[in-house]
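To start, the structure itself, in structure tokens.
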Amino acid sequence: MVVVMLLSFTVSCSKETKDVVNATYDPEKSYTMKATQVNTLISDSGITRYRIEAAEWIVFGKAKEPYWYFPEGIYVEKFDTLFHSEASIKADTAYYFDKKGLWHLIGNVEVESLQGERFDTSELFWDQKKEKVYSEKYIRIQQEEQIITGVGFESNQNMTRYKIFNSQGEFPVEDTPQSPTDSVQMERCLAVDSLKMK
């Protein structure tokens with residue numbers, strides 16, 4: 001009786017059908033690594049150069065153009081060779097294209113420079129290979145005594161030398177009386193500046 005039951009069980013098992021699912025692998029959409037609550041240091045040529053904080057870090061290492069994706073925001077701090085902070089960047093979303101050495105930062109981008117200046121924009125590119133930071137969007141620069149705004153921006157990656165396009169500014173004015181010669185010189189300077197802008 002036991003032998004008959006075992007044989008019938010074996011026959012019923014052999015008649016089971018197996019469903020095969022065709023899985024497609026898209027390297028552009030399939031990540032090779034995913035990490036959460038990231039706080040890590042990154043070195044370049046054996047020297048610690050960056051610190052990254054992110055709620056989520058997704059790597060698409062097999063994509064045609066390999067990239068990192070930070071969907072929930074990122075904070076990056078850049079160090080000099082003596083581990084002193086040179087600049088920091090914060091954004092709502094970020095992409096890093098590994099082969100190009102290019103960061104694409106999107107949404108509420110804030111940059112703090114070594115000089116204490118703060119740069120705010122909606123989109124920023126940081127090209128590490130060219131050591132250049134740039135944007136085509138509206139940018140606001142908060143300095144110690146003035147605010148400068150413009151549309152379009154280029155800088156070295158330490159944010160110490162930069163150009164602002166289509167710029168405007170808010171500058172403090174002292175209430176000290178001016179002599180007639182000072183007024184004439186000021187008018188000449190403004191006229192020269194307006195010609196340069198045109």
Side-chain angles (χ1 to χ4, degrees), residues 31-33 35 37-61 63-171 196-197:
Y31 58 81
T32 53
M33 186 200 82
Q37 304 306 317
V38 176
N39 191 338
T40 187
L41 297 171
I42 296 178
S43 62
D44 183 12
S45 304
I47 300 169
T48 301
R49 299 308 301 265
Y50 307 100
R51 180 168 69 90
I52 294 178
E53 289 181 17
E56 191 172 29
W57 178 8
I58 306 171
V59 178
F60 293 84
K64 187 176 180 180
E65 181 67 53
Y67 66 97
W68 304 348
Y69 177 43
F70 301 87
E72 295 183 36
I74 189 171
Y75 173 81
V76 180
E77 194 171 7
K78 183 180 181 297
F79 302 108
D80 64 11
T81 54
L82 298 174
F83 209 63
H84 297 136
S85 179
E86 290 185 327
S88 65
I89 298 178
K90 186 167 61 171
D92 290 344
T93 306
Y95 295 86
Y96 175 68
F97 299 93
D98 192 27
K99 288 181 180 177
K100 294 179 180 177
L102 179 68
W103 286 92
H104 182 190
L105 303 149
I106 306 165
N108 296 311
V109 182
E110 296 177 12
V111 180
E112 294 278 349
S113 74
L114 185 62
Q115 284 74 24
E117 295 176 316
R118 175 173 161 166
F119 303 76
D120 294 288
T121 185
S122 61
E123 182 181 48
L124 194 71
F125 293 90
W126 173 15
D127 191 325
Q128 291 178 316
K129 290 187 177 179
K130 294 181 180 177
E131 299 186 353
K132 177 181 172 184
V133 177
Y134 59 94
S135 176
E136 295 180 359
K137 303 293 186 182
Y138 172 85
I139 189 159
R140 180 182 185 274
I141 302 172
Q142 174 76 57
Q143 298 176 332
E144 187 177 347
E145 295 182 352
Q146 60 195 23
I147 296 170
I148 304 171
T149 62
V151 179
F153 169 81
E154 283 183 11
S155 172
N156 64 337
Q157 67 178 5
N158 295 335
M159 309 297 280
T160 54
R161 295 187 312 273
Y162 51 82
K163 290 187 281 187
I164 305 161
F165 306 104
N166 302 308
S167 61
Q168 297 178 343
E170 298 174 15
F171 306 98
K196 284 180 183 176
M197 291 176 71

Inset, instruction - Scan residues 119-131 for pairs that pass salt bridge (charged side-chain N to carboxylate O under 4.0 Å, His left out), counting only residues two or more places apart or in two chains. - result: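 Residue pairs with at least one partner in residues 119-131: R118-D120.
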Inset, instruction - Could you list all the salt bridge (charged side-chain N to carboxylate O under 4.0 Å, His left out) pairs where at least one residue sits in residues 94-105, not counting sequence neighbours? - result: none
Is a side-chain donor or acceptor of [X] paired with a backbone partner of [Y] at a separation under 3.5 angstrom?
{"X": "S43", "Y": "I47", "answer": "no"}
{"X": "S155", "Y": "R161", "answer": "yes"}
{"X": "T32", "Y": "G61", "answer": "yes"}
{"X": "T121", "Y": "Y138", "answer": "yes"}

Legend entry - E65 CD: over 12 foreign heavy atoms closer than 6.0 Å: yes
Inset, instruction - Please check if atom OH in Y31 has more than 12 non-hydrogen atoms from other residues, nucleotides or ligands closer than 6.0 Å. - result: no
Inset, instruction - Return yes if a side-chain donor-acceptor contact under 3.5 Å exists between E110 and Y75, otherwise no. - result: no
Inset, instruction - Could you walk me through whether K163 and F153 pass side chain to side chain contact (heavy atoms under 4.5 Å, CB included), step by step? - result: CA-CA 6 Å; K163 290 187 281 187; F153 169 81; over 6 Å; no
Distance, nearest 0.5 Å, that separates [atom1] of [X] from [atom2] of [Y]:
{"X": "Y50", "Y": "T48", "atom1": "OH", "atom2": "OG1", "answer": "11.5 Å"}
{"X": "S167", "Y": "I139", "atom1": "OG", "atom2": "CD1", "answer": "12.0 Å"}
{"X": "T160", "Y": "E117", "atom1": "OG1", "atom2": "CD", "answer": "9.0 Å"}
{"X": "Q157", "Y": "S113", "atom1": "CD", "atom2": "OG", "answer": "13.5 Å"}
{"X": "R51", "Y": "L41", "atom1": "CZ", "atom2": "CG", "answer": "7.5 Å"}
{"X": "M159", "Y": "L114", "atom1": "CE", "atom2": "CG", "answer": "12.0 Å"}

Inset, instruction - Answer yes or no: is there a side-chain heavy-atom contact under 4.5 Å between I148 and I164? - result: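 A side-chain contact exists here, since the closest heavy-atom pair is under 4.5 Å.
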Inset, instruction - Identify the residue among Y69, F125, F70, W68 that makes a ring-ring contact (aromatic ring centres under 6.0 Å, His included) with H104. - result: F125
At their closest point, which heavy atom of [X] faces which heavy atom of [Y], and how far apart are they?
{"X": "L124", "Y": "Y134", "value": "CD1-O, 3.6 Å"}
{"X": "V151", "Y": "E136", "value": "CG1-O, 3.6 Å"}
{"X": "V76", "Y": "I52", "value": "CG2-CG1, 4.3 Å"}

Legend entry - Intermediate values then yes/no, side chain to side chain contact (heavy atoms under 4.5 Å, CB included), F165 and E154: CA-CA 9 Å; F165 306 104; E154 283 183 11; 4.1 Å; yes
Inset, instruction - Quickly, which of L105, I74, I106, L102 forms a side chain to side chain contact (heavy atoms under 4.5 Å, CB included) with Y95? Name it, please. - result: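 Of all the options given, the one that passes is I106.
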Inset, instruction - Could you tell me how the ring of W126 sits relative to the ring of W103: parallel (under 30°), tilted (30 to 60°) or perpendicular (over 60°)? - result: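 The rings of W126 and W103 lie parallel, inter-plane angle below 30°.
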Solution key, residues 85-93 side-chain donor-acceptor pairs under 3.5 Å, sequence neighbours excluded:
unit_1, atom_1, unit_2, atom_2, d
S85, OG, E77, OE2, 3.1
E86, OE1, K78, NZ, 2.4
D92, OD2, N108, ND2, 2.7

